Amino acid sequence: MPDLFLATAGDNVMNLAPEDQRLQLRMVEALLFAAREPLSEAELGARLPDGVDIVALLKELQSAYAGRGVTLRHTDGRWAFRTADDLGFLLQHEVSEEKRLSRAALETLSIIAYHQPVTRAEIEEIRGVSISRGTLDALMEAGWVRLRGRRKSPGRPVTYGTSPDFLDHFGLESIKDLPGLAELKGAGLLDATIPAGLASPDPDDRADLTEDEEPLDFGDLEEVEPLAGA
Amino acid sequence: MPDLFLATAGDNVMNLAPEDQRLQLRMVEALLFAAREPLSEAELGARLPDGVDIVALLKELQSAYAGRGVTLRHTDGRWAFRTADDLGFLLQHEVSEEKRLSRAALETLSIIAYHQPVTRAEIEEIRGVSISRGTLDALMEAGWVRLRGRRKSPGRPVTYGTSPDFLDHFGLESIKDLPGLAELKGAGLLDATIPAGLASPDPDDRADLTEDEEPLDFGDLEEVEPLAGA
Amino acid sequence: MTIEPRFPQMHDDQGRAPEDLLVVDVDGFEGPLDLLLSLAREQKVDLARISILSLAEQFLVFVEAARVKRLEIAADYLVMAAWLAYLKSRLLLPDEADDDQPTGDELAAALAFRLRRLEAMRGAASRLMNRNRLGQQVFARGAPEATITNRHNQFTASLYDLLEAYASQRQRNFVQFVTITKRKVFSLQEARALLVKLIGETVDWTPIDSYLIDYLSTPETRATAMASSLSASLELVREGHIELRQTSVFSPLYVRRKPEKQSTGPDSHA
């Protein structure tokens with residue numbers, strides 16, 4: 001008999017009575033299946049009985065689904081069921097029309113992803129041109145880029161970074177999984193300033209601001225639009 | 001090792017080489033997962049390689065998911081994943097919203113507080129307007145007003161009073177702590193002359209019924225709702 | 001290494017001579033750095049081993065050719081051209097001992113770095129877009145089951161709100177009650193006192209309305225005042241204090257103080 005969907009149980013979960021364990025696994029599975037957006041461990045925890053070891057359950061569920069048509073993906077501390085990578089060909093009829101991003105927008109996106117937190121001026125410095133109207137808007141509208149805060153430097157420029165949706169969209173477990181990150185960093189190509197020699201900074205998409213950032217002011221969201229179009 | 005998610009293989013599918021069978025199951029699983037609507041066997045068949053025994057695959061998938069957090073439902077010739085019936089409660093999300101009481105509800109509440117036990121008609125007489133649907137409902141939903149009994153008078157109208165929660169919410173030790181008319185005037189809340197002969201009300205929120213009240217009939221709780229909206 | 005005037009070969013498929021399209025060509029690049037990167041790619045060597053000197057010369061030839069044809073070139077291309085001309089001179093002349101300035105090689109390395117970094121970001125963008133993307137190759141649940149939100153109303157009200165509501169509606173009722181009882185009615189007694197006071201020493205015939213009009217501030221009280229005044233005046237006539245006269249039906253009613261007997265003298269036979 002082929003054990004097609006056989007689970008490999010985690011260690012912690014094994015300590016539970018099978019009945020409890022089974023119910024808890026079912027609950028996590030139901031919650032994740034029902035949701036469209038990835039759920040954080042905290043969100044799952046809020047809907048599960050107290051004292052449940054969510055991480056252990058998630059790991060068990062993930063291994064139970066490994067190699068299946070649907071897999072449990074972990075992205076930036078959030079979990080979601082997604083169809084398996086190799087079955088995309090089967091699902092082309094489900095493809096939703098996507099607004100094509102311009103080459104400028106794609107370059108800007110990758111600069112933001114690899115150099116975050118990054119200011120508009122820094123993006124322009126790397127690309128050698130000013131950002132045209134709508135480029136940042138389009139990325140924010142797609143939900144991949146967000147305003148992070150302000151750089152603690154003269155003019156207090158707004159800093160940009162990627163969102164959790166960015167990771168989900170590109171199937172990245174964390175920002176450290178950006179393709180070619182290690183090589184780029186090793187080649188010193190993530191340096192903000194031209195003279196190399198210093199260690200390259202890592203891209204940082206954490207919700208917390210870095211030391212040289214400060215929070216956005218109230219009303220920044222409205223303010224930034226016209227700036228972006230300047 | 002608990003075989004929590006162990007599949008029980010169907011008969012027809014068993015005749016396939018495990019590799020093909022596994023891929024076909026994964027395909028059906030992914031198709032059903034990504035579909036926006038339940039899929040018929042014909043729709044599934046159109047997207048799968050020729051010669052696939054769809055019914056057998058669906059049955060196998062269904063038994064693989066039996067007893068899980070998500071089950072494969074067959075309804076009206078179509079197939080879809082759905083949350084297991086017993087876990088529907090997980091998808092319910094409790095939210096409490098702060099709501100200010102309407103002016104009418106506040107006035108009605110204050111009359112009930114001061115004049116209890118009081119009938120609907122008496123409240124209307126004091127307010128000079130009829131009570132709209134929902135006013136008493138809201139007060140009962142808030143948990144501040146309760147049905148006490150019925151007045152021993154023609155028509156046996158229901159009497160209303162305040163609940164212990166009422167005292168709790170308004171920080172009153174007892175209903176007798178409600179200031180009388182003279183005190184209200186002293187506090188500047190009343191600036192008209194109190195007509196002579198108008199005695200301050202003497203509210204009574206004791207659980208026992210007063211002499212001119214009798215107990216509610218069995219089933220009054222259901223009956224009262226339409227009355228309240230009349 | 002080539003220093004001939006060459007134009008990037010991106011637009012040849014249009015079937016037109018590149019020079020005719022120079023402005024368009026420049027527009028086709030995203031700025032001077034993009035143009036430099038495109039020129040560098042034509043060297044067909046690893047960007048790390050690119051000849052910056054030849055790249056600078058190509059760029060300058062490109063811009064010069066455009067200027068000869070009097071074509072408009074965006075300012076940032078001209079700025080880049082000026083900088084590259086400076087870089088070229090630094091690369092060709094031996095470095096001076098003056099250490100404040102970066103050497104020509106350092107400037108060239110900086111430009112090479114910028115080109116490599118831009119190239120790297122382009123590569124990253126395409127690798128990113130070639131990933132299995134959500135909604136393109138990977139899919140979320142097509143029919144997510146909406147979570148049902150049960151809303152509970154949490155009512156709020158303060159004791160002040162409650163007392164204020166009670167007081168204000170009770171007060172409303174008091175005012176209503178008072179208005180009804182205080183409705184202005186001229187009693188006969190009031191009207192008589194008023195008439196006596198008003199007529200005073202007047203001896204001329206005067207319409208009764210003019211005595212009262214100043215006191216009848218509202219239309220509502222007018223009727224009751226008139227009625228009471230008429231009754232009171234009739235009583236005063238009966239008692240011999242005043243006289244009334246009306247010339248015809250519905251015409252104004254005149255009133256005067258009845259003359260004193262002693263002042264009327266001989267013709268007092270009325």
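Treat the numbers as computed from the prediction; the structure is a model and nothing was measured.
Closest heavy-atom contact between A:Tyr114 and C:Ala124: CE1-CB, 3.4 Å. Here the closest non-hydrogen pair linking A:Gly128 and C:Pro32 is O-CD, 4.3 Å. Nearest heavy atoms, A:Arg82 versus C:Ala140: NH1-CB, 3.1 Å. Of all non-hydrogen atoms in C:Met129 and A:Phe170, the two that sit nearest each other are SD-CE2, 3.7 Å. Residues A:Ala35 and C:Arg141 come closest through the heavy atom pair O-CB, 4.4 Å.
With a 6.0 Å radius and a threshold of 12 heavy atoms from other residues, nucleotides or ligands, C:Tyr86 has its OH atom above the threshold.
In this structure, the separation between CG on C:Leu128 and CG on A:Leu178 is 6.5 Å, given to the nearest 0.5 Å. In this structure, the separation between CG on A:Leu184 and CZ on C:Arg117 is 12.0 Å, given to the nearest 0.5 Å. Here A:Ile131 contributes atom CD1 and C:Glu30 contributes atom CD; the two are 10.5 Å apart, rounded to the nearest 0.5 Å. To the nearest 0.5 Å, the span separating CG on A:Leu181 from CZ on C:Arg127 amounts to 10.0 Å. Summarising the geometry, atom CG belonging to A:Asp168 is positioned 5.0 Å from atom CG belonging to C:Leu134; distances are rounded to the nearest 0.5 Å. Taking CG of A:Leu87 as the reference point, atom CD of C:Gln137 lies at 12.0 Å (rounded to 0.5 Å).
Distance alone, capped at 3.5 Å, places no donor-acceptor pair between the A:Thr83 side chain and the C:Val138 backbone. A donor-acceptor pair under 3.5 Å is absent between the side-chain atoms of C:Arg114 and the main chain of A:Arg127, judged by distance alone.
Taking 4.5 Å as the limit, some side-chain heavy atom of C:Met121 sits within range of a side-chain heavy atom of A:Leu190.
Between chain C and the residues A:Ser110, A:Ala84, A:Gly180, the largest count of heavy-atom pairs under 4.5 Å involves A:Ser110. Taking chain C as the reference chain and counting heavy-atom pairs below 4.5 Å, the highest number among A:Ala80, A:Ser130, A:Ala104, A:Pro38 is found for A:Ala104.
A salt bridge links A:Arg103 with C:Asp34: the closest approach of a Lys/Arg side-chain nitrogen to an acidic carboxylate oxygen falls below 4.0 angstrom.
Of the candidates C:Arg131, C:Arg133, C:Gln136, C:Arg133 is the only one forming a side-chain hydrogen bond (donor to acceptor under 3.5 Å, both in side chains) with A:His169.
Residue contact with chain C, scored on non-hydrogen atoms closer than 4.5 Å, involves the side chain of A:Glu183 exclusively. With a 4.5 angstrom heavy-atom cutoff, A:Phe33 touches chain C via backbone and side-chain atoms both.
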